[in-house]
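Right, one structure below, let's go through it.
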Amino acid sequence: MSSVAELPLSEVVEAFRKKSLSPGEYLDALTERIGLLDSSLNAFIEFDAVLARSRLARSSGGPLGGIPVAVKDNIVTRGGSTTCGSRILAGFRSPFDATAVSRLQTNGAYVLGKTNLDEFAMGSSTEHSAFGVTRNPWDRERVAGGSSGGSAAAVAARLVPVALGSETGGSVRQPAAFCGVLGLKPTWGRISRSGLVAFASSLDQIGIVARSARDCGLLFAAIAGNDPADSTSASEPVDAALDRIEEGIAGVRFGIVKEAVEQLTPGVRANFEQAVAILEGGGARVEEVSIPSIGHAIAVYYIIANAEASANLARFDGVRFGHRTSDARDIRSLYFRSRGEGFGREVKRRIMLGAFALSSGYYDAYYGRAQRVRTLMRRDFSNAFERVDFLLTPTTPGPAFRVGERVDDPLRMYLSDIFTAPANLVGIPAIAIPSGLDSDGLPLSLQVMGRHFSEGELFRVAYYLEREGGVEPMSPPAGA
Ligand code: GLN
């Protein structure tokens with residue numbers, strides 16, 4: 001049964017079409033594999049075989065007919081729970097599906113289950129989940145990354161062919177990198193945020209975890225595009241993402257971000273240079289470019305993200321959603337105690353930092369200044385995109401770290417996002433592409449950033465690297 005569960009999405013679609021495999025049989029195979037592996041991975045917060053089967057029974061035909069998709073548990077789904085990895089949403093039931101989810105359903109797909117995450121997507125390791133850490137399929141002692149660690153681990157361990165995650169500063173790309181799968185952060189506004197529980201609205205996007213460029217493109221084509229329910233969604237027509245995927249990269253101009261590669265460890269540098277050499281082998285032109293402001297990205301990100309989070313999370317007050325304290329004397333203590341009992345440590349830390357950065361007297365010094373640096377960063381990126389088509393960095397400064405290694409050191413944890421946060425601040429699309437293993441056998445990843453709305457071209461680069469360039473989609477060691 002396992003071998004059926006491990007088929008890539010394109011082969012599953014084909015097998016359904018030829019009727020050599022039925023969606024029900026496929027769900028059985030995945031259910032069996034989840035039963036075998038998820039007790040040690042903890043990728044799912046909610047997997048209920050009966051619920052999944054009823055969703056399959058209600059699913060329709062379409063390009064993704066009968067295809068299961070795992071959904072990060074900060075994206076709302078009707079039926080079942082949506083927890084955001086938090087105790088404060090215990091018992092919450094969404095009355096509607098997120099637009100990305102309903103579009104998947106329109107295309108025939110169904111929700112297999114809900115995946116684990118750092119509470120409210122705040123973190124880089126999934127250790128800040130109220131439901132326990134997600135472990136890395138390549139090495140159970142290591143984190144799967146975060147905050148979409150559950151989605152990345154589920155796809156890497158072949159518990160599901162594709163998954164939705166969310167991105168605010170790297171939460172799809174970083175776990176995808178740690179787990180050896182592909183992760184897409186689309187252009188801000190490209191995929192509707194309706195039904196994505198807000199963390200930092202000017203940075204948030206739903207993203208995709210997949211095993212190949214084609215799979216990623218298939219899902220993207222199904223969910224991208226303008227949505228009346230999200231007034232910030234872009235009205236540009238969606239690039240026919242898959243049409244040009246096989247065109248190759250001859251003559252395409254890539255820029256290596258000088259400031260990013262200066263600080264690499266020898267192992268990561270060697271892996272990065274190897275990926276660059278593969279691109280050059282395909283006729284790409286590669287040069288160094290400078291993004292002087294990139295060194296400020298982490299500081300700017302953590303001011304803006306936390307400021308927006310402190311406002312967005314005000315809605316969890318014990319009145320409207322989820323957990324309510326049993327010990328309230330008046331309205332004030334109802335708010336205080338419900339929030340105090342419901343939120344975990346990292347979320348509280350961020351609400352405090354964000355509220356501080358927005359408080360009178362400090363607003364200009366922190367938030368205002370961060371927004372000005374963000375503008376400079378946009379300028380640096382648009383200057384770079386006048387010279388080159390894509391920018392390259394490693395996705396992360398190193399491979400997956402050990403469980404427990406950084407959880408008590410927030411600043412070190414925050415530095416995991418050093419290469420990913422800039423794309424969120426600037427609003428451009430970026431993709432994490434597996435680039436082989438390090439000397440310990442752990443996955444490393446190449447990040448390619450493109451101009452706004454260039455997702456189709458990112459799939460082309462990813463496709464080239466995986467098919468022509470010899471960087472095959474990797475599977476974790478046997479028994480994963
Ligand atoms: N790791 C980053 C953070 O902790 C990014 C999170 C995300 O992209 N949701 O904020």
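Each ligand, and each atom within it, is numbered from 1 in the order the structure gives. Position 1 is the first residue of the sequence, and the numbers go up from there.
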Sidechain-backbone polar pair: [X] side chain, [Y] backbone, donor-acceptor under 3.5 Å:
X: K72; Y: L196; result: no
X: T134; Y: T126; result: no
X: D38; Y: L41; result: no
X: D73; Y: K114; result: no

Among protein heavy atoms, which sits nearest to [atom], and what does the distance come to when rounded to 0.1 Å?
atom: atom 6 (C) of ligand 1; answer: S171 OG, 2.8 Å
atom: atom 2 (C) of ligand 1; answer: D417 OD2, 2.9 Å
atom: atom 5 (C) of ligand 1; answer: Y301 OH, 3.2 Å
atom: atom 3 (C) of ligand 1; answer: Y302 OH, 3.2 Å

Ligand 1 atoms in contact with [X] (distance to a heavy atom under 4.0 Å):
X: F199; value: 9 (N), 10 (O)
X: S147; value: 9 (N)
X: A121; value: 6 (C), 7 (C), 9 (N)
X: M122; value: 4 (O)

What part of Y414, side chain, backbone, both or neither, has a heavy atom within less than 4.0 angstrom of ligand 1?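 The answer is neither; Y414 stays 4.0 Å or more away.
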Ignoring hydrogens and angles, state whether a donor on the side chain of E167 or N424 is under 3.5 Å from an acceptor on the partner side chain. yes
Does ligand 1 have an atom under 4.0 Å from some heavy atom of R350?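 Judged by the 4.0 Å heavy-atom criterion, R350 does count as contacting ligand 1.
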So, 4.0 Å and heavy atoms of G123: is ligand 1 close enough to count as a contact?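 Under 4.0 Å: yes for G123.
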Within the supplied structure, the quantity of interest is the number of heavy atoms (other residues, nucleotides, ligands) at a distance under 6.0 Å from F92 CZ; does it exceed 12?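 Correct, the count exceeds 12.
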Do [X] and ligand 1 have an N or O pair less than 3.5 Å apart?
X: K72; result: no
X: G146; result: no
X: S124; result: yes
X: T168; result: yes

Assess whether a salt bridge exists between [X] and [Y], defined as any Lys/Arg side-chain N lying under 4.0 Å from an Asp/Glu carboxylate O.
X: R87; Y: E341; answer: no
X: R190; Y: E236; answer: no
X: D389; Y: R451; answer: yes

Looking at Y110, I'd like to know if the NZ or CZ of R55 sits under 6.0 Å from its six-membered ring centre while staying within 45 degrees of the ring's axis. no
When you measure from atom 8 (O) of ligand 1 to each heavy atom in G169, G207, S125, which option holds the nearest one?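 Ranked by closest heavy atom to atom 8 (O) of ligand 1, first place is G169.
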